[in-house]
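Worksheet: one structure, shown below.
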Amino acid sequence: YQRRVRDIFLNEMGTKTKAIFAKCFLSDPLATFNKCSEESLLLFKDLTAFMKKRVQIEEEYAKKLQALKQSVSPAQYLKSPNCTVARGFLSIVEELTRSSEAHVQFASNVTTFIVQQLDTHANEYRGRKREIQGSIQSLLKDLQDSYNFVNKTQLAYHDANFELEAAISGHDRSLSRNDPNEIARAFSKKQQAQAKVEKADMEYQTAIEMANQRQDLHYGQLMPVLCVDTLSLIHISE
């Protein structure tokens with residue numbers, strides 16, 4: 001089933017990256033998903049931290065510009081004999097206010113349109129990640145449960161065969177003793193063991209059939225959907 005689905009992905013995905021991802025996902029879906037999603041969340045975290053630092057720098061720079069402006073007393077220069085130079089200097093000083101406001105506005109815009117959006121997007125990403133992660137875990141548990149049931153019924157079938165062999169040996173020994181009561185008891189035990197074997201064999205075959213159907217459903221239908229969901233989640237971060 002895994003090989004068949006992998007071939008489907010290789011044919012439909014097209015690009016080399018997606019094909020490699022599909023191979024990894026099908027061989028170990030949970031580990032592949034966790035690795036890719038954690039890398040994307042780390043990227044969100046790094047980018048958000050970088051933009052917050054940029055906002056901090058802009059705000060600190062704006063404050064320093066304001067402090068620089070306030071360090072100059074316009075009245076002191078208005079009395080200067082060289083009025084042209086004084087007015088030019090005061091004009092430069094006054095420009096610091098507009099420059100400071102521009103940096104404050106830039107910081108505000110980055111916070112509103114980038115940082116907050118990144119935070120919102122990261123939270124949505126985490127929520128979607130938990131949904132897909134839960135689906136993968138549920139799928140794998142369902143498959144494992146079906147395999148465990150096969151193993152359980154197989155062991156029961158083997159145990160029943162051991163009991164049947166013991167019952168057959170007991171019946172053979174009773175025949176050599178020529179005791180009708182003992183022969184009857186041994187024969188009854190043999191029949192019970194035979195019935196138990198037949199029942200265990202039926203349950204074992206049913207478990208195998210159910211496990212095969214479950215595999216076909218999961219690897220043929222559900223796993224490809226989860227793989228596509230995971231790729232779409234990664235593309236959202238991009």
Side-chain angles (χ1 to χ4, degrees), residues 9 12-25 28-138 225-238:
F9 272 113
E12 294 184 357
M13 288 297 189
T15 65
K16 184 178 180 181
T17 301
K18 290 181 179 179
I20 293 173
F21 172 82
K23 282 186 177 181
C24 295
F25 186 86
D28 194 346
L30 193 58
T32 303
F33 174 76
N34 287 336
K35 180 177 182 295
C36 293
S37 58
E38 284 302 317
E39 288 175 354
S40 296
L41 283 173
L42 183 61
L43 178 61
F44 279 127
K45 181 181 178 181
D46 290 346
L47 181 55
T48 302
F50 177 85
M51 297 311 296
K52 285 181 177 178
K53 185 65 176 177
R54 173 68 189 275
V55 167
Q56 181 183 351
I57 291 172
E58 293 289 340
E59 291 174 341
E60 290 175 353
Y61 184 57
K63 289 178 181 178
K64 289 180 178 179
L65 290 179
Q66 281 293 340
L68 180 61
K69 176 182 180 278
Q70 292 171 4
S71 68
V72 177
S73 174
Q76 173 186 349
Y77 295 97
L78 289 175
K79 298 176 182 178
S80 172
N82 195 336
C83 293
T84 302
V85 175
R87 284 195 298 271
F89 174 54
L90 292 176
S91 175
I92 292 173
V93 172
E94 192 60 34
E95 179 65 27
L96 292 179
T97 298
R98 290 188 289 273
S99 180
S100 173
E101 290 173 349
H103 284 282
V104 169
Q105 184 61 49
F106 178 83
S108 176
N109 288 342
V110 170
T111 300
T112 302
F113 297 109
I114 298 180
V115 175
Q116 291 179 359
Q117 291 297 320
L118 281 172
D119 285 338
T120 299
H121 194 64
N123 288 333
E124 292 175 352
Y125 186 99
R126 290 188 188 95
R128 183 66 180 132
K129 175 192 171 183
R130 284 192 294 270
E131 291 177 3
I132 297 176
Q133 193 174 44
S135 297
I136 293 174
Q137 288 173 330
S138 177
V225 171
L226 287 173
C227 185
V228 172
D229 284 347
T230 302
L231 280 171
S232 67
L233 189 65
I234 295 170
H235 292 162
I236 286 173
S237 65
E238 293 175 356

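Excluded from the calculations below are hydrogen atoms, water molecules and symmetry mates; all remaining heavy atoms, backbone and side chain alike, are included.
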### From Asn34 atom CG to Gln137 atom CD, the distance as rounded to the nearest 0.5 Å
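If we round to the nearest 0.5 Å, Asn34:CG and Gln137:CD are 7.5 Å apart.
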### Message
Return the CG to CZ distance between Leu118 and Phe50, rounded to the nearest 0.5 Å.
### Response
12.0 Å
Sub-4.5 Å side-chain heavy-atom contact between [X] and [Y]:
X	Y	answer
Val115	Arg54	no
Glu131	Ser135	no
Glu95	Lys69	no

Search all heavy atoms of [X] against all heavy atoms of [Y] and return the closest pair with its distance.
X	Y	value
Gln133	Phe33	CB-CE2, 3.7 Å
Ile136	Pro29	CG2-CB, 4.0 Å
Gln117	Thr112	CG-O, 3.9 Å

### Task
Identify whether the distance between the nearest side-chain nitrogen and carboxylate oxygen of Arg98 and Glu101 falls below 4.0 Å.
no
Could you list the donor-acceptor pairs under 3.5 angstrom formed between side-chain atoms of residues 59-68 and any protein atom two or more places apart in sequence or on another chain?
from: Glu60; atom 1: OE2; to: Gln56; atom 2: NE2; distance (Å): 3.0

### Task
Give me the one residue out of Val104, Asn109, Val110 that meets side-chain contact (heavy atoms from CB on, under 4.5 Å) with Phe106.
Val110
### Query
Is it true that a side-chain atom of Ser138 and a backbone atom of Gly134 form a donor plus acceptor pair closer than 3.5 Å?
no
